[in-house]
Amino acid sequence: MAEQRETKGKNAWYKAVIIITVLGITAIVALVTTAVLQNKPLLQKYKYGIVLDAGSSHTAVYIYEWPAEKDNDTGRVQQTHSCKVQGAGISSYSVFPGQAGASLKSCMKEAESLIPLSRHLETPLYLGATAGMRLLRMENQSLSDQVLWSVEEVLQSSPFSYQGARIITGQEEGAFGWVTVNYLSDRLKQGSGTTGALDLGGASTQISFVANQDVAEESAENAVTFRLYGNDYFLYTHSFLCYGKDQALKLALAQQTQSGDSSVLDPCFHPGYSVDRSYFSVYSSPCVMAGKPLVSRDSFTHVGAGNASLCQEVVRRIFNFSSCSFSRCSFNRVYQPPLQGPFGAFSAFYFVMNFLNLTSGSLESSREKLERYCSRPWTQISGSDAGWTLGYMLNLTNMIPAEAPDTPPLPHAGYVTLLFFISLLLFFLLFLCFRFLWPHRNSQTQMI
Ligand SMILES: Nc1ncnc2c1ncn2[C@@H]1O[C@H](COP(=O)(O)OP(=O)(O)O)[C@@H](O)[C@H]1O
Ligand SMILES: [Ca+2]
């Protein structure tokens with residue numbers, strides 16, 4: 001009898017252990033599955049933004065995207081597509097301002113086909129015009145308004161959330177260029193050293209870099225502050241209107257055509273280059289300070305001489321280094337504090353240097369290569385195809401939070417692993433309890 005009772009007791013104990021083990025394993029599996037499902041990243045959805053960069057030479061449409069659930073947080077904004085608008089910049093439509101908007105239509109249709117239909121209504125659409133429109137506004141405010149109305153009409157009729165078309169200030173252009181360069185190189189989140197930004201446009205050029213706060217005291221218009229990812233940045237920025245590549249060329253030509261001769265031998269163009277130009281094309285720009293020479297002829301022959309050092313002399317003369325009312329200046333009496341750190345140069349700086357294969361190597365070696373390049377005959381140059389890759393053109397996004405975002409204490413995988421081992425430990429402890437305490441209780445019961 002005692003043996004039978006003992007066997008029954010043992011069987012009951014084994015059953016209990018098996019039930020507890022099965023329950024324990026089921027609980028662990030349920031725990032881990034819940035944790036995994038709960039924390040599993042949802043299917044990635046994206047949000048979009050469109051920025052039209054209406055430059056002096058051309059307009060480009062940029063489409064940006066970022067993960068939807070990280071809106072305004074750490075989601076990285078990426079350029080997914082760019083479309084170059086056919087023809088020249090919107091400022092060139094001053095003769096027929098009403099046609100400026102129509103020029104944007106095909107790129108806007110492209111944007112409609114690329115952005116998912118469900119996102120159209122919430123996709124913000126901005127247009128920022130730069131130096132070409134600044135010059136047109138200086139020449140004729142009514143014409144520049146008409147050009148903007150024309151583009152506004154087309155953008156408003158698009159399915160996107162139109163946020164406005166405006167001429168951005170040179171200060172904004174410089175400061176946003178700096179943000180973009182540092183955002184793309186991931187320097188803002190790290191809070192480490194930043195890089196300055198140099199942007200050579202067609203009608204203006206911008207320089208921006210981190211400087212100390214004396215800038216605001218000496219020249220408030222050159223000072224910009226940002227708070228990004230919890231770090232304060234104090235910037236010096238300046239936009240030189242008329243010192244973009246195309247307007248600077250006009251300044252240099254105006255200076256060389258002052259004598260009113262029928263031809264000009266220009267060291268900045270290749271030997272063999274010869275083009276008839278009208279005086280009007282050079283002197284109609286509001287950038288050209290020197291008056292048109294008093295000659296009866298309308299045009300002159302622009303002849304290349306291909307001499308880099310003489311060209312440097314010509315180019316130097318379009319800059320005024322003579323006086324400065326601040327503690328220090330760059331040129332044309334513009335305040336500039338001492339340069340700091342490395343610089344990222346983009347837009348036409350990049351196009352030109354990339355075209356000449358000079359994007360790597362020292363300044364000295366680039367100078368030597370440039371001298372050799374400039375003296376090459378024009379006939380050897382005109383065969384080259386300038387269809388090289390466009391670099392990123394960077395633009396306005398306000399997706400960078402002022403404060404650094406809170407990050408979870410553990411990464412997802414670490415969290416699941418930790419949960420698993422804690423559960424395992426609990427189960428092991430439970431097992432030990434039953435293994436050593438239950439038989440002990442049984443034997444006590446038997447003795448009574
Ligand atoms: N693919 C390219 N190859 C060579 N030069 C280019 C290319 N794209 C743009 N550029 C030049 O870069 C400059 C861009 O200026 P843009 O942005 O239009 O004017 P701004 O910024 O002064 O309003 C122009 O001088 C233009 O000729
Ligand atoms: Ca530009």
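Within the 4.5 Å cutoff, the side chain of N212 has no heavy atoms near those of the P337 side chain. Considering only heavy atoms from C-beta on, K45 stays 4.5 Å or farther from P116 through its side chain. Contact annotation: the side chain of S56 never approaches that of T130 to less than 4.5 Å [non-hydrogen atoms, C-beta and beyond]. Annotation: side chain of D298 is not in contact with side chain of S278 (no heavy-atom distance under 4.5 Å). The shortest side-chain heavy-atom distance between V210 and W178 falls under the 4.5 Å cut-off. Counting only heavy atoms from C-beta outward, the side chains of M108 and L125 approach each other to under 4.5 Å. Counting heavy atoms from C-beta on, the side chains of R367 and E364 come closer than 4.5 Å. Residues L52 and L155 have side chains in contact (heavy-atom distance under 4.5 Å, counting atoms from C-beta outward).
The backbone N or O of N222 sits nowhere less than 3.5 Å from a side-chain atom of T237 that would complete a donor-acceptor pair. Judged purely by atom type and a 3.5 angstrom limit, R333 has no side-chain atom pairing as donor or acceptor with the backbone of N320. Under the 3.5 Å distance criterion, the side-chain polar atoms of E65 are left unmatched by any main-chain donor or acceptor of I63. Although no hydrogens or angles enter the test, the distance criterion places no donor-acceptor pair under 3.5 Å between the side chain of H81 and the main chain of A111. Between the side chain of N140 and the backbone N or O of S142, at least one donor-acceptor pair lies under 3.5 Å. In this structure, Y236 contributes its side chain and Y335 its backbone to a donor-acceptor pair below 3.5 Å. Using a distance-only test at 3.5 Å, with no hydrogens or angles considered, a donor-acceptor pair links the side chain of S150 to the main chain of P97. Put simply, the side chain of S208 gets close to the backbone of G174: a donor and an acceptor are under 3.5 Å apart. For the pair N182 (side chain) and T195 (backbone), a donor-acceptor distance under 3.5 Å is present. The closest donor-acceptor contact from the side chain of Q247 to the backbone of G244 lies at 3.5 Å or more, if one exists at all.
The disulfide (SG to SG under 2.5 Å) pairs that include a residue from residues 82-179 are C83-C107, where partners are two or more places apart or lie in different chains.
Crowding of Q156 atom CD: a count of heavy atoms from other residues, nucleotides or ligands under 6.0 Å exceeding 12. Within 6.0 Å of CD on Q213 lie no more than 12 heavy atoms contributed by other residues, nucleotides or ligands. By the 6.0 Å contact criterion, CZ on F96 is open, its count of non-hydrogen atoms from other residues, nucleotides or ligands being 12 or less. Other residues, nucleotides and ligands place more than 12 heavy atoms under 6.0 Å from the CG atom of D232.
Here the straight-line distance linking atom OG of S285 with atom NZ of K250 works out to 5.5 Å at 0.5 Å rounding. Between the CD atom of Q171 and the NE2 atom of H238 there is a distance of 10.0 Å, given to the nearest 0.5 Å. Going from atom CZ of F160 over to atom CD of E122 covers 11.5 Å, rounded to the nearest 0.5 Å. Atom-to-atom distance recorded for D53:CG and K84:NZ is 11.5 Å, nearest 0.5 angstrom. Interatomic distance, C311 SG to R316 CZ, rounded to the nearest 0.5 Å: 11.0 Å. For the atom pair CG of L241 and CD of Q206, the computed distance is 9.5 Å after rounding to the nearest 0.5 Å.
Just one residue in the list Q141, E139, Q146 forms a side chain to side chain contact (heavy atoms under 4.5 Å, CB included) with L143, and that residue is Q146. Each of L339, V334, L200, D199 was evaluated against I207; a single residue qualifies, L339, per the side chain to side chain contact (heavy atoms under 4.5 Å, CB included) test. In summary, of the residues considered (V303, V275, V264, L249), a side chain to side chain contact (heavy atoms under 4.5 Å, CB included) with F269 occurs for L249 alone.
The salt bridge (Lys or Arg N to Asp or Glu O under 4.0 Å) search around E218 returns none, not counting sequence neighbours. In terms of the salt bridge (Lys or Arg N to Asp or Glu O under 4.0 Å) criterion, E153 has no residue partners (sequence neighbours excluded).
Residues S92 and A88 approach most closely at OG-CB, 3.4 Å, considering heavy atoms. A pairwise comparison of heavy atoms in L265 and A305 identifies CG-CB, 3.9 Å as the closest pair. Across all their heavy atoms, V181 and G196 have their closest contact at CG1-O, 4.4 Å. Residues S347 and G201 come closest through the heavy atom pair OG-CA, 4.4 Å. The shortest heavy-atom contact between A197 and F346 is CB-CE2, 3.9 Å. In terms of heavy atoms, V151 sits closest to A165 at CG2-CB, 4.2 Å.
Classification of E173 and R134 as a salt-bridged pair holds, one side-chain N sitting under 4.0 Å from a carboxylate O.
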Inset, instruction - Any chance you could lay out the side chain to side chain contact (heavy atoms under 4.5 Å, CB included) test for V315 and C268, step after step, and finish with the verdict? - result: CA-CA 9 Å; V315 171; C268 300; 4.3 Å; yes
Legend entry - Check against side chain to side chain contact (heavy atoms under 4.5 Å, CB included), F176 and V51: CA-CA 13 Å; F176 286 134; V51 184; over 6 Å; no
Legend entry - Working for side chain to side chain donor-acceptor pair (under 3.5 Å), residues Q78 and T80: CA-CA 6 Å; Q78 283 187 335; T80 55; over 6 Å; no
Inset, instruction - Evaluate the criterion side chain to side chain donor-acceptor pair (under 3.5 Å) for residue pair N307 and S309; output intermediate values, then yes/no. - result: CA-CA 6 Å; N307 186 317; S309 50; 3.1 Å; yes
Inset, instruction - Evaluate the side chain to side chain contact (heavy atoms under 4.5 Å, CB included) criterion for residues V352 and K245: first the C-alpha distance (whole Å), next the side-chain angles of each, then the deciding distance (0.1 Å), finally the verdict. - result: CA-CA 10 Å; V352 173; K245 179 164 83 61; 4.0 Å; yes
Legend entry - side chain to side chain contact (heavy atoms under 4.5 Å, CB included) between I167 and L148, intermediate numbers included: CA-CA 9 Å; I167 302 173; L148 283 179; 4.0 Å; yes
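For Y243 and F319, the ring centers sit closer than 6.0 Å to each other.
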